[in-house]
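Here is the structure we will look at.
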Protein chains: 2
Amino acid sequence: MSNTRVLPLLEPVGAEAVAPCCPPLTERPFTAEEAETAARMFKALGDPVRLRLFSAVASHEGGEACVCDISDVGVSQPTVSHHLKKLKDAGLLTSERRGTWVYYRVEPSVLAAMGRLLTIAPAAS
Amino acid sequence: MSNTRVLPLLEPVGAEAVAPCCPPLTERPFTAEEAETAARMFKALGDPVRLRLFSAVASHEGGEACVCDISDVGVSQPTVSHHLKKLKDAGLLTSERRGTWVYYRVEPSVLAAMGRLLTIAPAAS
DNA sequence: TGTCTATGTTGACGTCTGTCGAATCAAGTG
DNA sequence: CACTTGATTCGACAGACGTCAACATAGACA
């Protein structure tokens with residue numbers, strides 16, 4: 001029901017390892033290596049179908065959804081599978097087969113890292 | 001050239017107020033229209049060269065830099081111009097010619113809207 | 001076993017994208 | 001004016017991308 005705000009991915013904000021690939025975009029110019037890493041993630045979300053799939057998974061109850069629940073995005077089933085694979089390869093989703101269905105789940109740390117990239121916070125820490 | 005243009009990511013709702021194009025990715029599944037808008041922005045940052053250029057501008061003094069200061073990213077000058085144009089078309093940068101040089105500047109509100117997309121925190125900001 | 005449903009993989013096709021060299025435009029200087 | 005430097009546009013090309021139909025695979029169930 002209330003899947004807003006109670007997602008498991010918003011819990012870890014304390015002192016957990018979040019794999020900080022890069023500093024905020026506004027902190028200093030990215031190196032070529034940092035840009036390569038970060039661009040891979042942005043690129044994965046740079047397609048409308050993938051963005052809808054990712055959003056569908058992320059907003060689903062428990063931050064997890066089976067393909068059957070999110071595959072109504074206007075493209076064929078193989079295309080859905082193709083995009084889910086891309087999101088998985090980009091490290092944004094993980095998948096797990098449980099019986100008949102395959103469940104996809106967001107990677108909270110990556111989402112947090114991406115959000116930090118776009119943070120304008122001075123963060124003089 | 002023009003410094004005031006309608007940014008794709010923001011919908012003007014008043015004199016100065018702007019509203020984000022989309023809710024956080026985790027709030028609810030994106031509609032096709034929202035995904036189209038947001039994906040355009042992610043796509044613009046989905047290239048390493050563009051990401052470096054954007055980061056270079058965003059981290060430069062005053063959030064502004066001339067092309068001559070940021071064009072050392074390993075590609076030819078036409079390619080740099082090509083990518084800057086893409087970032088501009090995506091609404092992430094604005095440009096202005098002052099004498100000999102052309103200065104690019106980040107759009108803070110757009111950056112904030114992007115960050116909000118990836119924010120898991122509740123809306124009570 | 002066999003069949004049905006749910007996903008993933010393969011191969012192919014048209015389109016988009018990143019890149020460069022050359023030409024062009026814009027502004028300053030002599 | 002001609003000349004130089006900074007920046008964009010043009011034309012072309014190789015490679016990547018999104019899409020689908022067809023096929024393959026995994027599990028459930030009779």
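Throughout, a chain's letter reflects where its sequence line sits, starting with A, and its residues are numbered from 1.
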Is any side-chain N or O of [X] closer than 4.0 Å to OP1 or OP2 of [N]?
{"X": "K43(A)", "N": "dC17(D)", "value": "yes"}
{"X": "S81(B)", "N": "dT8(D)", "value": "yes"}
{"X": "T100(A)", "N": "dG27(D)", "value": "no"}
{"X": "W101(A)", "N": "dG27(D)", "value": "no"}
{"X": "Y104(B)", "N": "dG6(D)", "value": "no"}
{"X": "K86(B)", "N": "dG18(C)", "value": "yes"}

Nearest whole Å is fine: how far is [N] [atom2] from [X] [atom1]?
{"X": "L45(A)", "N": "dC17(D)", "atom1": "CG", "atom2": "C1'", "value": "16 Å"}
{"X": "H82(A)", "N": "dA24(D)", "atom1": "NE2", "atom2": "P", "value": "21 Å"}
{"X": "D69(B)", "N": "dG6(D)", "atom1": "CG", "atom2": "C1'", "value": "12 Å"}
{"X": "R97(B)", "N": "dA26(C)", "atom1": "CZ", "atom2": "P", "value": "8 Å"}
{"X": "R98(A)", "N": "dA6(C)", "atom1": "CZ", "atom2": "P", "value": "17 Å"}
{"X": "E96(B)", "N": "dA7(D)", "atom1": "CD", "atom2": "P", "value": "14 Å"}
{"X": "D89(B)", "N": "dT17(C)", "atom1": "CG", "atom2": "C1'", "value": "14 Å"}
{"X": "L84(B)", "N": "dG18(C)", "atom1": "CG", "atom2": "P", "value": "13 Å"}

Using the side-chain heavy atoms of V75(B), tell me which of these nucleotides is nearest: dT19(C), dA22(C), dG8(C).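 Per side-chain heavy atoms of V75(B), the pick is dT19(C).
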From C-beta outward on H83(A), which listed nucleotide comes closest to its side chain: dA6(C), dT9(C), dT19(D)?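 Side chain of H83(A) sits closest to dT19(D).
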With no hydrogens and no angle check, is any side-chain donor or acceptor of R50(A) less than 3.5 Å from a backbone partner on R52(A)?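 Judged by distance alone, no pair lies under 3.5 Å.
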Please compare D47(A) and V67(B) by the position of their nearest nucleotide in DNA chain D and report the one closer to 5'.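 Comparing both residues, the 5'-ward one is V67(B).
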Partner of R105(A) by side chain to side chain donor-acceptor pair (under 3.5 Å), out of E96(A), H60(A), E64(A):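 Only one of E96(A), H60(A), E64(A) forms a side chain to side chain donor-acceptor pair (under 3.5 Å) with R105(A), namely E64(A).
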Once you apply a heavy-atom cut-off of 4.0 Å, does [X] come out as touching a base, just sugar-phosphate, or nothing?
{"X": "R50(A)", "answer": "sugar-phosphate"}
{"X": "Y103(A)", "answer": "nothing"}
{"X": "T79(B)", "answer": "base"}

Calculate, to the nearest 0.5 Å, the distance between atoms [atom1] and [atom2] belonging to [X] and [Y] respectively.
{"X": "E27(A)", "Y": "S55(B)", "atom1": "CD", "atom2": "OG", "answer": "9.0 Å"}
{"X": "M41(A)", "Y": "L87(A)", "atom1": "CE", "atom2": "CG", "answer": "12.5 Å"}
{"X": "R116(B)", "Y": "L25(B)", "atom1": "CZ", "atom2": "CG", "answer": "12.5 Å"}

Side-chain touch T37(B)/F30(B), heavy atoms, less than 4.5 angstrom: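 No, their side chains stay 4.5 Å or more apart.
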State whether the distance check finds a donor on one side and an acceptor on the other, under 3.5 Å, for side chain Q77(A) versus base dG8(C).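 Side chain to base: pair found, below 3.5 Å.
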